Amino acid sequence: MPELPEVETIKRGLQKSIKGCTILDVATDTPKMIQGKTLKDFKKEIKWKKIIGIERKGKLLIINLNSGQNLVFHLKIAGRLLVREQGAQEDEYTHIVFKLSKGKELRFADLRKFGWVRLVPKTKMFELPAIKELGIDPLSKEFTFKKFLDIIEKHRGVVKKFLMNQKVIAGVGNIYASEILWKAKIHPERKVEDLNEKEKLALYRATLAILKKAIKLKGASVNQYVDAFGEKGGFEKELNAYQKAGESCSRCGTRIAKITIGGRSTFFCPRCQKKSN
DNA sequence: CGATTCCCCTGATAGC
DNA sequence: TGCTATCAGGGGAATC
């Protein structure tokens, strides 16, 4: 699943490979993945526009065009953005193909078809609901411990939901929430208002450490994830909690447990991550 | 207003 | 062996 580290990895891959390319054409077999306008208008507005930059906001991948418009992508669970040479072997589940100059193609593949792309003028980006209420990016300079404490004080409730709430911290999803809490030794059902100073610091540090390490290893290839060149990440080998139910905790040997929080599977070590003392 | 449920889609898995 | 039922999963919409 492309969460912050995976989208960041894709972003870096696209910067290397398609920055400077011009979009020549678009084709799709699933028009509903293109949101906000008809395929005809979408095509008309991006044809002959040049890709001048790639950004990431939370889990959103943004391609800047020289027309002042942005292509905004959400890859959801199984979305892939692949850069290929034209005529290269097909990638399964490809639903949108951007034909580019320099003999390249940007392919949007998605087994689930939950992903979407939308063309948004950069002056209207803040009107996009997915961006308007987006919380702080944990990799930004503004994400200091002091800021983290300010944010925590404004919230109550289950800590895992807090971490996964895109309106609070942008980019943390189901995999990294379990990993961060495991590293911080905090039970996923603890309430943020009950965390002491030491635990808050551990949570802050674990958030940064896990995300940075995952980026360094080019993401976790869980489910469908691969980078812009179809390569798997390396962080899935470093997972200590996510999808480890029944396996021994690498810290203490206790079996990793699985519970459901907010309809999402959640993994933790019942011994390292106690609900109460 | 906040919390929960439904829904989009389809491969994997379980159950018969 | 092969069919059908169930589930996962991000996030917006509908509902409680």
Side-chain angles (χ1 to χ4, degrees), chain A residues 1-11 28-36 56-62 72-81 90-96 108-118 120 125-138 151 153-181 188-193 211 214 219-226 232-233 235-236 239 241-246 256-268:
Chain A
M1 287 175 286
E3 302 181 22
L4 187 151
E6 289 76 28
V7 180
E8 180 67 23
T9 303
I10 294 169
K11 182 194 88 178
T28 182
D29 66 355
T30 312
K32 66 184 295 186
M33 286 176 67
I34 297 171
Q35 296 192 343
R56 179 190 59 76
K57 285 187 190 296
K59 300 177 195 172
L60 295 170
L61 192 286
I62 300 161
V72 182
F73 293 83
H74 198 309
L75 304 180
K76 293 289 181 86
I77 295 152
R80 292 174 160 180
L81 278 176
E90 281 183 30
D91 290 292
E92 52 182 358
Y93 313 119
T94 297
H95 297 300
I96 305 175
F108 189 178
D110 190 345
L111 180 153
R112 296 274 184 267
K113 299 181 181 174
F114 283 2
W116 50 261
V117 59
R118 179 183 277 263
V120 186
M125 287 289 280
F126 64 93
E127 292 175 21
L128 197 66
I131 286 184
K132 184 168 64 180
E133 299 176 22
L134 208 58
I136 191 166
D137 193 296
I151 295 167
E153 273 166 33
K154 292 193 186 82
H155 291 87
R156 4 222 86 217
V158 176
V159 64
K160 190 191 178 224
K161 285 188 179 180
F162 169 84
L163 281 178
M164 286 182 67
N165 185 346
Q166 300 305 300
K167 294 170 186 173
V168 181
I169 298 171
V172 176
N174 206 35
I175 298 171
Y176 292 100
S178 280
E179 293 302 312
I180 288 166
L181 290 165
E189 288 180 310
R190 293 279 305 280
K191 303 284 172 64
V192 289
E193 61 269 34
L211 295 176
S221 286
V222 173
N223 297 335
Q224 289 278 304
Y225 174 74
V226 291
K232 289 191 171 189
F235 194 73
E236 67 275 8
L239 296 175
Y242 186 76
Q243 285 183 349
K244 299 289 180 191
I256 297 294
K258 178 183 177 180
I259 56 173
T260 299
I261 296 177
R264 298 281 173 263
S265 48
T266 305
F267 303 84
F268 68 103

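Order of the sequence lines fixes the chain letters, A, B, ..., with proteins taken first and strands second; residue numbering starts at 1 for each chain. Note that this is a predicted model, so its numbers are computed, not measured.
Residue A:Lys76 is classed as a base contact, given a heavy-atom separation below 4.0 Å to a base. Nucleic acid contact for A:Lys161: sugar-phosphate only, since backbone atoms but no base atoms lie under 4.0 Å from a heavy atom of the residue. Within 4.0 Å of A:Asp110, counting heavy atoms only, lies no atom of the nucleic acid at all.
Shown here is A:Glu193, whose CD atom has more than 12 heavy atoms of other residues, nucleotides or ligands within 6.0 Å.
Between the OH atom of A:Tyr242 and the P atom of C:dA8 there is a distance of 10 Å, rounded to whole Å. C:dG10 atom C1' lies 17 Å from atom OH of A:Tyr225, rounded to whole Å. At whole-Å resolution of the value, CG in A:Leu111 and P in B:dC8 are 17 Å apart. Atom-to-atom, NZ of A:Lys258 to C1' of C:dC7 comes out at 9 Å; the value is rounded to the nearest Å. Rounded to whole angstrom, the span from the NZ atom of A:Lys32 across to the C1' atom of B:dT10 amounts to 13 Å. Across the protein-nucleic acid pair, A:Tyr176 atom OH and C:dG9 atom P stand 15 Å apart, rounded to whole Å. Distance A:Arg264 CZ to C:dG9 C1': 5 Å, rounded to the nearest Å. Atom-to-atom, CD1 of A:Ile169 to P of C:dG11 comes out at 14 Å; the value is rounded to the nearest Å.
By the 5.5 Å and 30° criteria, A:Phe114 is not stacked with the base of B:dC9.
The main-chain N or O of A:Gly58 is never found under 3.5 Å from a side-chain atom of A:Gln166 such that the two would form a donor-acceptor pair. Formation of a donor-acceptor pair under 3.5 Å by the A:Arg190 side chain with backbone atoms of A:Val192 is not found in this model. Formation of a donor-acceptor pair under 3.5 Å by the A:Glu179 side chain with backbone atoms of A:Leu239 is not found in this model. No donor-acceptor pair closer than 3.5 Å links the side chain of A:Asp137 to the backbone N or O of A:Gly171.
Set against C:dG10, B:dG11, C:dG12, the side chain of A:Tyr93 has B:dG11 as its closest nucleotide. In the set B:dT10, C:dG10, B:dG11, the nucleotide with an atom closest to the side chain of A:Ile77 is C:dG10. With C:dG12, C:dG11, C:dG9 as the choices, the nucleotide that has an atom nearest any side-chain atom of A:Arg112 turns out to be C:dG9.
An OP1 or OP2 oxygen of C:dG10 is reached within less than 4.0 angstrom by no side-chain nitrogen or oxygen of A:His74. Taking 4.0 angstrom as the limit, A:Gln166 places none of its side-chain polar atoms (N or O) nearer than this to OP1 or OP2 of C:dG10.
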